[in-house]
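Presented below is the structure to which this report refers.
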Amino acid sequence: MSSDTDATPRGGSTAYGADDFAAEESWSTAVRLDDGHHVVGDGALPAHFENPGLPPHVERMADKSEKAAKRAERQVAGLFTLSILGTILFLVAYFAFDTAHRSWVPGLGNVSTTNLLFGIGLGLALLGIGLGAVHWAKTLMPDAEVVEERHPMRSSDAAREEFVGIMRDGGEKAQLFRRPLIKATLGGALGLFSLPLLVQLVGSLGPLPKNHLSLTMWNGEPDGHGGYTPYDKRPRLVTDPEAMPIKAEHVTIGSVYHVLPEGLLANEELGVEGLEHGQLEEKGKAVVLLMRLDPKDFKPTERGQKALSWGYQGIVAYSKICTHVGCPVGLYERTTHHLLCPCHQSTFDVTDGCRVIFGPAKRPLPQLKIDVDDEGYLIAAEPFHEAVGPSFWERG
Amino acid sequence: MNALAARRRHPAAIFLLLLLGLILTGGAYAALAPKPAIAAEASAEQVKEGQELFKTNCATCHGANALGTNVGPNLAGVGAAAVDFQMGTGRMPMAEPGVQAPRGKEVQFSEEQIAAIGAFVASLAPGPAVPAEEYTTGAGGDPGKGGEIFRTNCSMCHNSAGAGGALTRGKYAPKLTGVEGKHIYEALLTGPQSMPVFNDDNISPESKNDLIAYLKAMEEEGNPGGMALGSLGPVPEGLVAWVFGLGVLVGAAYWLGQKGA
Amino acid sequence: MSTNAYNRPAEALRSGDKPVTAPPSAGAKKLGGVAGWVDDRLGPAKGVNYLMKKVFPDHWSFMLGEIAMYSMIVCLLTGVFLTFWFIPSAGHTTYDGSYVPLQGVGMSEAYASSLKISFDIKGGLLIRQMHHWAALMFIVALSAHMLRVFFTGAFRKPRELNWVIGCILSMLALVEGFAGYSLPDDLLSGTGLRAAQGFMQSAPVIGSYLAYMVFDGPFPGEAIIPRLYAVHVLLLPAILVGLFTAHIVMVAVQKHTQYPGPGRTNSNVVGFPVMPVYAAKAGGFFFIVFGFIAVLSALVQINAIWVYGPYDTSAVTAGAQPDWYMGFADGALRLLPGWLEFEAFGYTLSLNVAIGALMLIPIMYGIMAAYPFIEAWVTGDKREHHLLDRPRNQPTRTALGVAALTFYGVLMFAAANDIMAIKLHMSINDITYFFRTAVFVLPVIAFWATRRVCLSLQRADRNKVLHGRETGRIVRTADGQFFEAHEPLDPYTRWKLAGFEGQQPLELTSGVDAHGVAAPSNGKWRTRLSRFYFQDVVQPVTPAELEAAHHDGHATEHLEAGETTKALH
């Protein structure tokens with residue numbers, strides 16, 4: 001393309017290949033913009049540009065020179081050899097080191113030697129093959145583009161008609177259209193036969209919840225079937241996981257104790273056996289957080305004062321199971337008196353009856369009414385007055 | 001009958017027997033009862049030295065007599081343990097105002113100075129003392145038990161690996177790696193800033209020692225599987241998969257599709 | 001083939017000869033014998049020939065699905081290995097392996113066997129890490145693949161069914177991953193199961209029954225681990241393999257789509273044949289993906305279950321997130337406010353949980369699966385499409401995709417709000433408030449910005465076609481004018497920029513056709529949506545416009561904007 005002498009202010013050369021337009025002579029008269037800035041006339045030009053076809057093939061070095069091809073061959077062979085070396089590394093490492101061996105690697109730290117060497121060995125063994133195969137394809141295998149023609153996905157009309165014919169014919173031969181009784185009962189049977197399978201599955205996968213979501217081990221001893229036999233004596237609060245009873249005077253202001261009912265976990269010293277079955281399940285409903293605040297810190301709201309009255313001299317006990325979706329609410333901020341759940345950040349204000357002050361939970365944490373027994377140990381005066389944990393439809 | 005038996009009805013016998021009984025019981029108790037973990041007692045000179053240091057370095061925020069101002073809390077009753085922790089980890093004196101005092105990059109006072117200030121603060125009102133060494137190194141502790149205590153009481157704020165966690169409004173529970181056992185004990189005992197108090201009745205000295213043993217064992221085990229990505233769990237792992245994993249594999253795919261040289 | 005073709009004039013006499021091939025080697029003869037034996041019994045020669053000659057186009061963005069497929073194969077392989085050592089039981093045991101911080105601790109058999117694999121089986125840790133990294137890469141790659149298919153319009157007829165199957169595969173992959181990482185019964189994944197139980201409980205009316213059904217009683221129970229094992233090892237892999245086989249068979253039957261370009265039309269496929277190029281490239285890529293996952297597992301630790309400890313219902317860890325692909329659901333739960341829970345007549349409706357946990361995934365996947373049909377209805381386009389769109393040439397579709405991705409991204413990042421708080425020293429409350437607003441505002445901004453960017457890019461393309469490439473050479477004419485010389489585009493580049501099809505919005509029709517016979521009408525809604533979809537549509541440059549650009553230089557702004565083409569229709 002040579003530069004033109006009648007260059008326009010907009011651009012240099014106006015010369016185009018002759019294959020672009022049908023009639024080169026009609027340039028100057030056929031197409032122009034009128035005053036309304038619309039294109040007028042088409043000058044025997046096609047409505048759209050035409051596909052120029054595949055661009056010419058550019059040869060690679062390995063296509064042109066045997067020396068470059070040999071170099072590519074060596075590169076591919078080198079990569080395959082790398083793979084073999086990787087395999088050897090893995091095998092040697094397997095027999096040379098045991099699982100306890102550790103190595104210090106800059107950037108990684110103290111790592112397992114077997115994990116490191118096995119992974120690198122296996123990795124090289126695989127990468128060598130992969131990179132070698134791809135490099136082989138790129139340098140030595142033909143890279144001239146190949147064209148495959150498509151056909152419409154649709155079957156031919158004849159085939160479609162034949163299909164319709166076969167189906168219709170089959171239906172007629174089966175006398176399906178003439179026998180409405182067969183049609184109706186077939187529909188019914190096919191529609192219903194999966195019911196036994198579904199009913200067995202849905203019915204037998206698990207027991208009915210009954211009212212078990214609303215009861216905890218603070219109500220009584222678990223009876224093994226989800227129910228509880230009420231206590232004769234109100235249960236003591238014991239620490240989790242050591243199962244030691246808690247004296248009220250040991251709960252100082254700013255303390256937090258993680259608490260379970262006595263009898264759930266074993267305590268060898270005190271001769272407590274703990275539950276044989278269902279420890280995790282009972283824990284999941286009965287865990288309680290015990291905190292002591294200065295009584296003056298409780299808010300003067302109805303909720304805050306009720307919270308104080310359900311406690312003992314500023315010691316209050318709340319369910320540890322978040323009312324959002326059930327994670328343990330463990331984070332007690334001593335200075336702000338807030339409880340934070342780490343899962344979705346629901347925040348509860350202990351000075352105001354554990355009301356939700358931030359986050360996706362709606363209901364405050366249920367409070368456990370506590371008292372002390374004759375020896376000064378904390379006991380649960382009453383079980384929870386509501387269901388603990390996440391909400392459910394029939395919660396009430 | 002010997003001389004002692006002959007005097008068994010002497011009026012002083014009862015008195016002597018009682019005295020013997022008291023000595024034996026008291027001695028047995030002293031020998032066998034769990035010791036409150038207290039280090040050496042402070043002397044009056046130490047208290048004086050501590051007061052001088054306090055006036056120079058701490059009184060601006062905590063008041064001349066450590067009774068607090070509107071920028072620093074009252075220190076009466078926090079005990080020598082709190083001083084040893086706050087100053088021993090470089091948190092105090094606080095470098096700049098903020099939501100909470102971060103662990104300091106360097107400790108600005110010597111051990112004796114810290115002990116002196118601790119003695120002074122302890123003299124204001126009774127509070128937790130610096131723990132005895134036998135419970136603060138983790139030696140002889142049971143890391144398995146310590147881990148159970150850690151997962152119930154600590155991991156919800158500090159994260160299972162002790163890598164730290166978020167609290168509300170910009171506060172946070174700091175990393176536990178690289179912290180001396182003594183300071184861990186003291187933090188449990190004194191409940192610095194947002195941290196609650198875990199006194200020796202809640203988590204006994206032996207249990208605290210187990211806890212420290214657990215943390216030391218965890219640090220020793222390191223990260224066998226490779227880079228730990230800060231031990232922050234699935235979030236950095238997902239980031240590595242998207243950025244590094246997809247990046248490298250798309251790079252390989254791009255190389256695969258490019259025309260050979 | 002031969003590089004120095006005809007050295008001597010006489011060689012030209014050989015020009016019509018068939019090339020001489022070497023006689024088959026001994027090995028090739030043996031192979032031929034085996035092939036013959038199989039062919040005698042099954043007759044597959046024609047089918048194999050068809051497959052070996054198949055042409056696949058070569059673009060890196062077509063390999064994303066391959067990365068997903070190969071990662072899944074790595075998962076299947078390493079998964080089989082793991083089943084030889086893993087014990088899928090919640091039964092109680094006391095740990096006595098070599099990991100010191102957990103010795104003497106009570107835990108489930110599942111957790112103890114996972115610890116054994118990690119510390120006491122040679123290579124066990126590597127297999128576990130490869131399995132988990134491959135699972136992450138599987139879902140990363142399939143998500144990237146899905147985005148590529150969406151933004152290039154590969155889901156249009158005849159591939160709508162393949163798109164729907166792909167959406168199902170994506171959803172099942174999420175469940176498969178969740179089931180998988182919950183198997184070791186560690187503290188982090190157990191917390192996730194606890195949250196899952198909370199989700200089920202929140203379902204209106206049937207919640208508590210559903211939860212007791214899935215967990216065989218109260219949480220956690222002893223059934224969930226073996227049940228998840230059956231789902232993860234048997235049920236879902238079977239469905240995944242079946243569906244993805246259908247997925248790639250359809251690609252083979254319908255042939256792969258291709259980007260528009262010189263020589264590429266809607267009725268051909270341009271690329272390379274399976275034998276030998278694609279066998280080497282695709283086969284090699286499998287080894288590359290596999291090898292990369294192995295090296296990654298050697299260098300970067302993942303899911304350190306020994307650090308989390310065994311699951312206990314009273315313990316939890318800070319930084320409790322699910323694996324990244326569940327992040328969007330976790331983020332939704334963090335952002336939904338508590339006032340969405342309502343109590344009346346003794347019943348509780350927890351929309352704060354149900355919207356994010358139960359409704360989000362079906363609604364999202366439902367909209368995704370229906371999109372090809374919605375777009376076809378709005379555009380009125382019923383033709384087969386085998387040429388892909390450049391994203392800029394479909395501004396509304398691209399903008400919708402980016403807006404959806406922004407919505408998803410905000411939810412996903414919201415799940416990491418506590419990690420962001422400690423790493424960036426910010427308040428977690430502020431981060432949450434920001435995301436609550438962003439989830440509504442950012443997608444709208446993203447839609448508008450993306451659409452304008454696409455339209456601008458299209459106009460820049462028109463500009464380039466009309467005026468050619470800026471060469472950077474300044475020319476001064478004899479009478480003192482300065483201008484920059486433009487080089488007109490060669491036909492191949494011009495075809496790339498102007499070779500796409502122009503589109504028009506649907507017009508309102510009256511319900512009868514030209515002859516007064518009743519015909520399907522475009523209703524009010526359909527035309528309104530169509531007009532929205534094609535708002536500010538930019539048409540490709542026509543030869544007439546190119547011609548006009550050379551004569552009326554001063555009016556070219558209108559040509560560039562594409563306004564002139566409106567008059568032609």
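Everything quoted here is computed from the prediction, not taken from an experiment. The sequence lines fix the lettering, A, B, ..., with proteins before strands; numbering per chain opens at 1.
Looking at Gln129(C), the atoms closer than 4.5 Å to chain A (heavy atoms on both sides) all sit in the side chain, from C-beta outward. Proximity to chain C (any heavy atom under 4.5 Å) is restricted, for Ala144(A), to the backbone atoms N, CA, C and O. Neither the backbone nor the side chain of Val475(C) has a heavy atom closer than 4.5 Å to any heavy atom of chain A. With a 4.5 angstrom heavy-atom cutoff, Val253(C) touches chain A via backbone and side-chain atoms both. Contacts of Lys157(C) with chain A are absent, with no heavy-atom separation under 4.5 Å from either backbone or side chain. Both the backbone and the side chain of His386(C) come within contact range of chain A, judged by heavy atoms closer than 4.5 Å. The contact between Gln201(C) and chain A is made by backbone and side chain atoms together, counting heavy-atom distances below 4.5 Å. At a 4.5 Å heavy-atom cutoff, His135(A) makes no contact with chain C through either its backbone or its side chain. Contacts between Met200(C) and chain A at a heavy-atom distance below 4.5 Å are absent for every atom of the residue. At a 4.5 Å heavy-atom cutoff, the contact between Ala315(C) and chain A is made by backbone atoms alone. Using a 4.5 Å cut-off between heavy atoms, Phe97(A) touches chain C through its backbone atoms (N, CA, C, O) alone. Both the backbone and the side chain of Pro152(A) come within less than 4.5 Å of a heavy atom in chain C. At a 4.5 Å heavy-atom cutoff, the contact between Ile321(A) and chain C is made by side-chain atoms alone. For Asn266(C), the part lying near chain A is the backbone, with the side chain staying farther off; criterion is any non-hydrogen pair under 4.5 Å. Heavy-atom distances place the backbone of Thr317(C), and not its side chain, under 4.5 Å from chain A. Only the side chain of Lys320(A) comes within contact range of chain C, with heavy atoms under 4.5 Å apart. With a 4.5 Å cut-off on non-hydrogen atoms, Val202(A) touches chain C through its backbone and its side chain both. With a 4.5 Å cut-off on non-hydrogen atoms, Pro204(C) touches chain A through its backbone and its side chain both. In this structure, the portion of Phe285(C) lying under 4.5 Å from any heavy atom of chain A is its backbone and not its side chain.
Side-chain atoms of Phe118(A) and Leu125(C), non-hydrogen and from C-beta on, never get closer than 4.5 Å to each other. Using a 4.5 Å heavy-atom cutoff, the side chains of Val147(A) and Val55(C) are not in contact. Using a 4.5 Å heavy-atom threshold, the side chains of Ile121(C) and Thr99(A) count as separate. For the pair Phe199(C)/Val325(A), a side-chain contact is recorded, criterion being any heavy-atom separation below 4.5 Å from C-beta on. Residues Phe49(A) and Leu546(C) meet the side-chain proximity criterion, which asks for heavy atoms closer than 4.5 Å. Phe272(C) is not listed as a side-chain neighbour of Val146(A), based on a closest heavy-atom distance of 4.5 Å or more. Inter-residue side-chain proximity for Tyr212(C) and Leu208(A) is flagged as unmet; no heavy-atom pair is nearer than 4.5 Å. At least one side-chain heavy atom of Pro209(A) sits less than 4.5 Å from a side-chain heavy atom of Tyr209(C).
For Glu281(A) (side chain) and Phe219(C) (main-chain N/O), no donor-acceptor pair under 3.5 Å exists by modelled atom type. Looking only at distances, no side-chain donor or acceptor of Asn268(C) sits under 3.5 Å from a matching main-chain atom of Glu149(A). No donor-acceptor pair closer than 3.5 Å links the side chain of Arg334(C) to the backbone N or O of Gly359(A).
Between Ala133(A) and Ala280(C), the closest heavy-atom pair is CB-O, 3.7 Å. In plain terms, the two heavy atoms of Val287(A) and Ser314(C) that are nearest each other are CG1-CB, 3.2 Å. Minimum heavy-atom separation, Leu205(A) to Arg227(C): O-NH2, 2.6 Å. The heavy-atom pair separating Glu341(C) from Ser391(A) by the smallest distance is OE2-OG, 2.9 Å. Between Tyr492(C) and Gly53(A), the closest heavy-atom pair is CE2-O, 3.4 Å. What you find for Trp393(A) and Leu349(C) is that their closest heavy atoms are CZ3-CD1, 4.1 Å.
If you tally non-hydrogen atom pairs under 4.5 Å between each of Asp120(C), Thr191(C), Val205(C) and chain A, the highest count goes to Val205(C). Looking only at heavy-atom pairs under 4.5 Å with chain A, the residue among Gln301(C), Gln254(C), Glu501(C), Gln197(C) that has the most is Gln254(C). Counting heavy-atom pairs under 4.5 Å between each of Ala196(C), Pro262(C), Ala320(C), Gly261(C) and chain A puts Pro262(C) at the top. Your options are Glu384(C), Arg194(C), Gln321(C), and the one with the most heavy-atom pairs under 4.5 Å with chain A is Arg194(C). Interface remark: of the candidates Asp418(C), Leu336(C), Asp312(C), Val289(C), Asp312(C) forms the most heavy-atom pairs closer than 4.5 Å to chain A. Put simply, of Pro337(C), Gly502(C), Pro220(C), the one with the most heavy-atom pairs under 4.5 Å next to chain A is Pro220(C).
Between the OG atom in Ser267(C) and the CZ atom in Arg150(A) there is a gap of 8.5 Å [rounded to 0.5 Å]. Rounding to the nearest 0.5 angstrom, the gap separating the CE atom in Met141(A) from the NZ atom in Lys281(C) is 9.5 Å. Between atom CG of residue Leu127(A) and atom CZ of residue Phe290(C) there is a gap of 11.0 Å, rounded to the nearest 0.5 Å. Taken to the nearest 0.5 Å, the OG atom of Ser108(C) stands 9.0 Å off from the CG atom of Leu280(A). Taken to the nearest 0.5 Å, the CD1 atom of Ile120(A) stands 10.5 Å off from the CG atom of Leu126(C). Of the inter-residue distances, the one linking Leu108(A) atom CG with Leu299(C) atom CG reads 5.5 Å to the nearest 0.5 angstrom.
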* To do: For His324(A) and Leu333(C), run side-chain contact (heavy atoms from CB on, under 4.5 Å): C-alpha distance rounded to whole Å, both residues' side-chain angles, the deciding distance at 0.1 Å, then the answer.
  => CA-CA 9 Å; His324(A) 181 227; Leu333(C) 280 170; 4.1 Å; yes
* Asked: After noting the C-alpha distance and the side-chain angles of His344(A) and Asp330(C), does the key distance pass the side chain to side chain donor-acceptor pair (under 3.5 Å) rule?
  -> CA-CA 8 Å; His344(A) 310 107; Asp330(C) 192 46; 2.8 Å; yes
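Taking the charged nitrogens against the carboxylate oxygens, Arg264(C) and Glu145(A) do have a contact shorter than 4.0 Å, which makes a salt bridge. Ion pairing between Asp98(A) and Lys122(C) fails under the 4.0 Å rule for side-chain N and carboxylate O.
Using bins of under 30°, 30° to 60° and over 60° for the plane-to-plane angle, the ring pair Phe358(A)/Tyr433(C) lands in the perpendicular bin.
Other residues, nucleotides and ligands contribute over 12 non-hydrogen atoms within 6.0 Å of the CH2 atom of Trp495(C). The number of heavy atoms from other shown groups lying within 6.0 Å of NE2 (His92(C)) is above 12.
Counting only N and O atoms by type, the side chains of Thr432(C) and Gln345(A) include no donor and acceptor under 3.5 Å apart. No hydrogens or angles considered: a donor-acceptor pair under 3.5 Å links the side chains of Glu394(A) and Ser208(C).
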